[in-house]
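The figures that follow rest on heavy atoms only: side chains count, while hydrogens, waters and symmetry mates do not. Residue numbering restarts at 1 for every chain, and letters A, B, ... go by the order of the sequence lines.
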Number of protein chains: 4
Amino acid sequence: MLVDPAPRSVSSLFTPAHLRELESLVHLVPADQIEEHLPSLTYVMGQTDLDRSRLERAGKLKAIFNVEGNFLPNIDYEYCFERGIHVLNISPVFAQAVAELGLGMALDLARGITRSHGQFRTGEEVYGLESNQRMFTIAGRTMGLIGLGDLGTALLRLLKPFRGRLLVHDPWIPAGIIEEAGAEPVELEYLLKNSHLLFVTASVTSENEGFLGRKHFNLLQEDAIFVLLSRAAVVDFDELTRAATGGRIRVATDVFPREPLPPDHPIRKADNALLSAHRAGALEEVFFLMGQYILDDLRLMNRGLPPRRCKRAERETVGRLRSNPVLKS
Amino acid sequence: MLVDPAPRSVSSLFTPAHLRELESLVHLVPADQIEEHLPSLTYVMGQTDLDRSRLERAGKLKAIFNVEGNFLPNIDYEYCFERGIHVLNISPVFAQAVAELGLGMALDLARGITRSHGQFRTGEEVYGLESNQRMFTIAGRTMGLIGLGDLGTALLRLLKPFRGRLLVHDPWIPAGIIEEAGAEPVELEYLLKNSHLLFVTASVTSENEGFLGRKHFNLLQEDAIFVLLSRAAVVDFDELTRAATGGRIRVATDVFPREPLPPDHPIRKADNALLSAHRAGALEEVFFLMGQYILDDLRLMNRGLPPRRCKRAERETVGRLRSNPVLKS
Amino acid sequence: MLVDPAPRSVSSLFTPAHLRELESLVHLVPADQIEEHLPSLTYVMGQTDLDRSRLERAGKLKAIFNVEGNFLPNIDYEYCFERGIHVLNISPVFAQAVAELGLGMALDLARGITRSHGQFRTGEEVYGLESNQRMFTIAGRTMGLIGLGDLGTALLRLLKPFRGRLLVHDPWIPAGIIEEAGAEPVELEYLLKNSHLLFVTASVTSENEGFLGRKHFNLLQEDAIFVLLSRAAVVDFDELTRAATGGRIRVATDVFPREPLPPDHPIRKADNALLSAHRAGALEEVFFLMGQYILDDLRLMNRGLPPRRCKRAERETVGRLRSNPVLKS
Amino acid sequence: MLVDPAPRSVSSLFTPAHLRELESLVHLVPADQIEEHLPSLTYVMGQTDLDRSRLERAGKLKAIFNVEGNFLPNIDYEYCFERGIHVLNISPVFAQAVAELGLGMALDLARGITRSHGQFRTGEEVYGLESNQRMFTIAGRTMGLIGLGDLGTALLRLLKPFRGRLLVHDPWIPAGIIEEAGAEPVELEYLLKNSHLLFVTASVTSENEGFLGRKHFNLLQEDAIFVLLSRAAVVDFDELTRAATGGRIRVATDVFPREPLPPDHPIRKADNALLSAHRAGALEEVFFLMGQYILDDLRLMNRGLPPRRCKRAERETVGRLRSNPVLKS
């Protein structure tokens with residue numbers, strides 16, 4: 001297995017025990033020795049450039065494990081599909097961690113947790129009912145998810161015990177799948193108008209860049225909570241900032257169009273914004289889950305079975321997914 | 001019905017529609033006319049003093065609705081039990097709202113939501129993995145509840161989709177009931193030692209005042225999250241403050257031994273404390289739920305059925321419950 | 001404790017281990033020594049006659065455990081309520097077992113399990129689609145429960161993963177409680193017209209004897225499944241027999257107006273009836289659960305706490321419940 | 001789209017409304033005109049022979065919908081994988097219906113539903129406890145699933161509210177997936193020894209034909225319930241018959257090594273066998289679900305997206321799956 005996980009490191013992906021297990025399953029080859037080892041490579045772990053020429057020389061290659069959570073255009077996917085080389089990424093490992101932060105931020109905005117805590121520091125806290133103006137419980141509210149991939153599915157599970165209506169808009173998924181997941185498939189406009197809480201969990205594609213803009217934010221109810229969890233590129237961020245500043249809706253976001261966010265970006269001062277520094281998925285335990293998923297799929301493939309844990313690139317969609325490379329872990 | 005809801009008001013308990021419904025069911029009598037109306041009173045709403053002499057004159061009295069969430073010692077309970085007068089309080093209305101805040105605060109401490117947001121204001125935010133040192137997801141963690149009344153039950157429901165072990169310590173409840181609720185009945189010490197997240201939901205009784213102290217906090221694991229939701233009197237608050245300051249554990253609390261909290265109380269500065277100003281239950285929608293519950297039980301009793309929504313005082317426990325009167329809403 | 005469990009026996013209620021535990025908690029007194037032990041009795045287990053005179057002499061009595069599942073009129077309930085003597089019955093132990101049989105019988109009628117099996121014995125079985133005329137899955141169907149007591153609640157939990165609409169008609173329960181249980185409160189007529197599966201779980205009261213008759217069965221949809229689980233007296237059994245014979249609906253029943261059922265009762269031949277000989281609750285393990293519940297509540301009461309496991313007689317309803325004494329176990 | 005659904009018919013797969021929708025999406029071509037239409041075919045519905053020569057001429061082919069639930073060896077799968085032609089089957093439509101029958105049969109054997117009903121016909125029914133010897137409730141029992149595909153997953157969902165341990169043995173699936181589904185991954189022997197109820201839901205593969213035999217049945221507990229739902233070829237059926245006859249365990253099966261089952265097959269007389277004539281999945285509503293799934297995936301593929309509802313053949317496993325062709329619907 002070629003080991004090329006930059007910007008991640010092997011030790012951030014594998015616990016010592018998992019690393020021993022990995023070494024017992026495959027022989028690890030450093031990234032810079034790729035050329036000489038191509039003919040014997042069975043697996044590649046990392047964002048390695050793999051054009052057709054390299055792939056043709058890698059006659060035994062079974063799978064490429066992208067460890068970022070995206071599919072970059074530096075691989076000849078078409079060739080991989082023909083040959084049956086699985087191109088995999090570990091994005092499903094993020095779902096639970098991001099969903100939990102999403103719920104936490106929604107509860108924060110519904111109840112003013114961060115704001116109330118801040119008042120204690122300055123001795124200005126207000127007690128009881130008086131402090132709860134425009135605060136509300138989530139129970140029984142209408143909740144809308146834009147996107148029902150791994151993240152949306154994980155979030156849906158956390159939202160169910162609140163017993164509200166669950167709306168999902170996802171044009172890539174048949175209505176029946178959404179219904180079986182316990183939610184109602186709806187059009188985007190209906191979701192925007194009717195949800196008290198909204199979660200954006202959709203990946204960025206060539207079709208949905210910046211697809212949520214001013215006219216969409218204007219459809220939201222007063223005091224609606226808008227939680228952006230997937231990628232900043234899905235929204236018109238200037239408009240989102242404006243909406244959060246106006247005070248009509250409340251906004252939580254874990255992602256920004258530029259990271260670090262410029263020091264003078266107006267969303268820093270927005271009264272109704274809760275900001276999180278791209279921290280939703282990047283936990284040590286989540287990184288170790290990547291190693292776990294890779295090991296699980298390695299074992300399956302070594303037994304001649306298809307991988308089950310990592311997400312596979314698909315002919316139809318791999319060219320449509322847009323996502324910046326990860327610059328740092 | 002005698003109307004004596006101070007410190008609450010009728011309009012904070014009943015929506016206009018509910019008030020009309022109430023007026024169609026009973027004739028409302030102001031609190032200061034109690035003496036003359038005693039013989040015809042069917043219901044009392046409020047914390048009215050009801051000694052034996054008054055109760056003896058109130059020969060038609062069916063039920064007393066306490067609207068605070070406690071049982072004060074200004075009623076001759078023994079006489080009520082003999083006569084079959086229900087003494088009710090509306091405490092179950094708080095369960096869901098408090099449970100949601102409890103989960104929100106636990107997620108905040110597990111992920112550093114409030115802290116990270118604060119850094120954005122000063123331009124000191126840290127991105128990604130680097131910012132997530134000692135942060136963790138809740139999924140799969142061991143969660144302990146001290147007390148399984150209405151609040152504990154509501155919280156348990158919210159915690160289930162996180163699929164961790166659920167421990168409950170409640171000496172007032174048989175093991176079988178805890179198991180049927182989907183949790184494991186355990187001793188207090190076991191719960192303290194094994195839980196990554198702990199929620200104190202127990203009411204204060206004459207037996208458990210200050211029952212959680214230094215030796216208990218010392219049993220907690222490093223980075224354990226301790227969420228105090230019921231009453232400050234259950235813990236030794238000075239020791240809790242010390243524990244939060246030390247940094248070994250993380251503490252969230254919605255209740256304080258004195259409210260407002262003195263301006264120089266050290267927990268205000270504690271690095272690992274998340275503070276909420278007794279805001280967990282006091283929402284407008286929760287107050288309106290009180291009116292709903294009272295109406296529901298009124299209708300049942302008017303049909304000769306026992307009340308089902310409010311909590312009934314019981315001979316065995318009414319004398320053991322301790323709770324301060326509510327001074328303001 | 002006075003031990004008077006006839007027609008049950010101590011050994012059918014208590015496992016050897018539970019019996020030892022019982023003996024360590026209380027001193028057991030045989031039923032025929034009641035008169036001499038009255039002044040020292042703390043508990044009574046059984047259907048013992050307890051008029052006012054006896055109760056007045058039983059000055060230490062805390063609780064009476066009825067072990068049949070009903071409340072017979074041979075006790076001076078009013079006196080017990082005044083004195084705070086709990087009159088308890090063990091009916092909650094039956095809920096899960098009866099609910100499971102109810103689901104099993106509904107699945108049987110939806111899919112023709114018993115019928116298809118019978119054909120194998122005579123070599124007349126029909127395979128595949130041809131054998132499944134008018135058969136249907138439960139998933140997504142509308143299911144109606146008449147009554148939401150312990151049994152209805154247990155059944156509701158089993159029905160939830162089938163993801164259909166859940167309708168409940170129960171005039172003794174506020175709408176909000178039904179909604180919180182995850183079902184829709186509806187009028188009886190609406191339930192009858194709209195449910196593909198109906199479960200009668202209501203106890204018999206002085207108000208609902210024979211309340212389901214011809215006009216109700218006529219409201220049912222073609223091929224509706226009607227499962228009678230509580231008491232035969234709730235329905236007009238002749239009309240139910242007629243409905244099952246006609247073939248328009250399918251009927252399952254565990255209870256009959258006379259047991260044993262007369263040999264020539266026409267429901268024995270009804271094509272669309274599934275018959276069970278009052279077997280839903282009478283399992284060995286359920287009987288041992290009675291002992292468990294009694295022990296649980298004994299321990300609570302010995303500690304000065306109110307009972308939690310057995311059902312308490314209530315002033316308002318004890319006189320309304322109708323139920324024949326149990327003649328044999 | 002080539003229409004070749006034999007032995008099924010278009011009208012058994014598509015409701016009139018669905019058929020109209022299908023016709024609006026694709027032009028339907030009868031099976032016998034395949035040769036002339038090959039160059040323009042986009043989809044094939046049915047078990048049509050598709051060797052390399054035909055596939056090479058079908059240059060626009062996007063997907064083949066098998067409507068039986070298996071993958072037959074009359075297609076050049078390797079070529080399809082290279083070209084990116086999806087080979088799909090509709091097997092997921094069966095999951096819910098088969099799971100429901102599985103639960104129904106398990107409840108029948110746990111409680112003696114079919115047996116008790118039979119006694120009513122001959123006037124030999126036994127009432128109450130006496131009739132329930134060796135009967136038991138499912139609640140809290142250990143339940144084992146052999147196989148966690150679509151069927152196992154659907155069944156797991158139905159079993160959860162019974163709150164027992166859920167064991168799964170499935171060598172094709174990583175432990176983590178089983179755990180996330182809420183079950184415990186275990187070895188086969190452990191599952192056989194510890195389960196009170198066992199469900200065989202595994203597909204037949206080249207590796208597991210007849211893999212459950214005498215030594216496995218001997219490991220089962222007394223009164224264990226063994227439910228065979230997938231394919232008879234997974235077990236040594238003679239040994240299963242012997243086990244059901246002996247009376248130590250109880251057996252339910254919906255599948256047989258030969259169908260129709262020979263008239264003198266001893267399992268017909270086995271006291272502890274519950275027999276169902278391959279009826280678990282073959283319901284009219286399930287057939288219409290096939291049409292629904294085909295339409296769902298057609299619409300996705302017409303928009304350039306991958307199919308989501310039908311099961312895809314996979315390079316690694318398509319050669320291992322064994323399943324007889326369906327001879328009649």
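Among residues two or more places apart in sequence or in another chain, the salt bridge (Lys or Arg N to Asp or Glu O under 4.0 Å) test is passed with D/Lys215 by none. Residues meeting the salt bridge (Lys or Arg N to Asp or Glu O under 4.0 Å) test with B/Arg308, sequence neighbours left out: none.
At a threshold of 4.5 Å between non-hydrogen side-chain atoms, the residues B/Phe136 and B/Ile225 count as touching. Considering only heavy atoms from C-beta on, D/Phe217 stays 4.5 Å or farther from D/Val251 through its side chain.
Using a 4.5 Å cut-off between non-hydrogen atoms, the part of residues 159-185 of chain B that approaches chain D consists of B/Arg163, B/Glu180.
In the model, B/Asp108 has a side-chain atom that pairs as donor or acceptor with a side-chain atom of B/Thr114 under 3.5 Å.
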Show me the donor-acceptor pairs, under 3.5 Å and distance only, between side chains in residues 97-107 of chain B and residues at least two apart or in other chains.
{"unit_1": "B/Glu100", "atom_1": "OE1", "unit_2": "A/Ile138", "atom_2": "N", "d": "2.6"}
{"unit_1": "B/Glu100", "atom_1": "OE2", "unit_2": "A/Ile138", "atom_2": "N", "d": "3.3"}
{"unit_1": "B/Glu100", "atom_1": "OE2", "unit_2": "A/Ala139", "atom_2": "N", "d": "2.8"}
{"unit_1": "B/Glu100", "atom_1": "OE2", "unit_2": "B/Gln96", "atom_2": "NE2", "d": "2.9"}

